[in-house]
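Please read the structure below before turning to the comments.
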Amino acid sequence: MGEKGAIYSTEEELIEKAKKLKGKKFKDIDKTGRIANQKAKGRLGQIIEESHFGYEINSRAEADFKELNVELKVTPYKLNKNGTVSAKERLVLNIIDYMTEVDKGFYTSSFWLKNNKLLLVFYRYEEGLDVGDYRVTDTLIFEVPEEDLPTVRQDWEFIVEKIKQGKAHELSEGDTFYLGACPKGKDSSSVRPQPYSDIPAMQRAYAFKQSYMTHILRTRVLGQSTEKLIKDERTSIQRYVDKKLSPIIGRTLNELCEEYGQVDSAKNVVQLLMSKVFGIKGTDLSKIEEFEKANIKIKTIRVENDNKIRESMSFPTFKFKEIVETPWEESDLKNILGEQKYLFLVFKKDENDELVFKGYRFWNMPYQDLLEVKKVYERTVDILKEGVRIEEQVTKKGIIRKNNLPSMKDNPVCHVRPHGANAADVYELPDGRLMTKQCFWLNNGYVLNQIKNLID
DNA sequence: GCATGATCATGC
DNA sequence: GCATGATCATGC
């Protein structure tokens with residue numbers, strides 16, 4: 001087989017060879033028995049590298065196809081119940097060496113040098129299927145498109161800036177838009193040193209977010225199109241949103257509706273108005289390409305004129321029997337809060353009860369606060385395991401049930417409260433009793449703190 | 001007045 | 001019918 005690294009002399013040759021993977025199952029690709037004998041996560045990539053492309057396995061910092069500067073990545077997707085497809089996971093790239101990455105520039109960074117050209121091999125994941133029966137369906141040479149480059153670059157700079165501030169241990173995937181710093185290691189005890197702090201930081205790798213991978217899959221492989229927010233300009237999401245929203249700070253909702261020709265005063269008036277401010281055709285801001293790619297949720301926050309927020313912010317209901325079996329690190333809540341990015345649009349009632357646009361901010365939960373949520377989650381699991389206490393009180397309105405799950409007073413960040421169609425909307429408890437569906441809520445006071453600097 | 005339980009509205 | 005975001009109701 002000759003010198004490794006000399007097998008494919010041109011990209012075209014490599015692409016042709018890659019195409020032969022299409023339609024094949026891993027058990028038919030594998031010539032060395034890895035599929036049966038190896039449990040490690042990276043084995044599917046190794047099978048393709050070794051059995052299909054004829055390379056010895058290595059973990060060098062250089063690209064897999066060194067002479068072409070192409071890195072091989074094997075990645076799963078899934079079919080959703082509603083007929084769409086999604087990436088099954090984020091695409092994990094190289095581990096971040098905090099000690100050396102801070103001295104690099106974007107184009108000399110380990111991220112760029114190793115990953116600026118990828119050979120993506122997509123396979124379809126199906127629950128219950130043997131790994132050997134997973135099938136490769138598509139291959140693609142991928143380079144970050146020019147339109148995404150300003151945002152990816154800003155993401156990289158954000159990560160490096162955090163390391164420079166001695167906060168590598170506070171990195172979170174939700175900090176950034178397309179390129180994230182995701183946990184990489186056996187568990188949270190896998191740590192490594194950082195240059196500007198003595199606190200060991202969780203080992204992390206660069207990763208294209210799952211939402212970004214879903215976008216690549218849908219547009220580049222399936223040829224679907226979505227509505228772009230940023231059309232011609234070479235700018236990042238953050239800067240584009242700044243440009244559109246900062247000029248309207250201080251204006252009243254009524255003024256803005258008049259100016260933008262938003263006559264409908266429906267409940268979702270803010271969403272409709274903002275669609276016009278951003279100049280998109282549709283009315284669903286979260287469907288905008290850039291927001292989908294970055295997994296951004298838009299939330300309107302309404303502040304009363306006494307500077308309070310009336311309502312807390314809810315999350316999806318949880319199933320009691322499921323969360324008692326799920327450790328925090330694997331929980332849906334941790335995944336949402338660790339990866340989700342929000343765009344808060346803040347309106348406040350003035351002295352005449354008129355809503356004024358006070359400002360906006362991209363937000364994701366800071367690391368310290370995530371630790372508080374962890375406490376509440378684990379306390380909830382403990383109470384459910386011990387057997388939650390439910391007391392029934394008969395009142396004029398009917399029966400009211402009280403419980404001892406973590407409440408707003410117990411934690412500054414979040415609490416547990418009912419969330420169903422009504423009190424009869426129940427799930428089964430671990431002990432067999434039925435209880436009104438519950439979910440975690442962010443305390444209204446906590447949410448207020450996150451946007452306090454926008455409201456005077 | 002606030003914390004907590006209950007329910008509505010909407011979209012798929 | 002259900003998930004999810006939003007909001008109401010009331011006893012302490």
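Sequence lines set the chain letters: A, B, ... in the order given, protein chains first and strands last, and positions in each chain run from 1.
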Which is true for Phe440(A) with a 4.0 Å heavy-atom rule: it touches a base, it touches only sugar-phosphate, or it touches nothing? nothing
So, does Tyr342(A) get its side chain near the phosphate of dG5(C), meaning an N or O under 4.0 Å from OP1 or OP2? no
How is Gly398(A) classified with respect to the nucleic acid when contacts are heavy atoms under 4.0 Å: base, sugar-phosphate, or nothing? nothing
Quick one: label Ala423(A) by what it contacts on the DNA or RNA (base, sugar-phosphate, nothing), any heavy atom closer than 4.0 Å. sugar-phosphate
Ile298(A) near the nucleic acid: base, sugar-phosphate alone, or nothing, with a heavy-atom cut-off under 4.0 Å? nothing
Rounded distance in Å - CD (Glu391(A)) to C1' (dG5(B)): 14 Å
Calculate the interatomic distance between Ile399(A) atom CD1 and dT7(B) atom P; express it in whole Å. 11 Å
N or O in side chain of Lys409(A) less than 4.0 angstrom from dT4(B) OP1/OP2: yes
Think Asn403(A) has a side-chain N or O under 4.0 angstrom from the OP1 or OP2 of dT4(B)? no
Salt-bridge criterion met for Glu428(A) and Arg433(A) (N-O under 4.0 Å): no
Hits for salt bridge (charged side-chain N to carboxylate O under 4.0 Å, His left out) against Arg361(A), two or more places apart or cross-chain, chain-then-number order -> none
Taking only side-chain N and O atoms of Lys299(A), does any of them lie within less than 4.0 angstrom of OP1 or OP2 on dA6(C)? yes
Can you list everything that forms a ring pair (Phe, Tyr, Trp, His ring centres under 6.0 Å) with Phe362(A)? Sequence neighbours excluded, please. Phe177(A)
Test item: side-chain donor near acceptor, Tyr123(A) and Asp138(A), under 3.5 Å: no
Using whole Å, report how far CZ of Arg417(A) lies from C1' of dC8(B). 14 Å
From the candidates dG5(C), dC8(C), dA3(B), the one with an atom nearest any side-chain atom of His419(A) is dG5(C)
In whole Å, what is the span from the CD1 atom of Ile309(A) to the C1' atom of dC2(B)? 15 Å
Quick one: label Arg401(A) by what it contacts on the DNA or RNA (base, sugar-phosphate, nothing), any heavy atom closer than 4.0 Å. sugar-phosphate
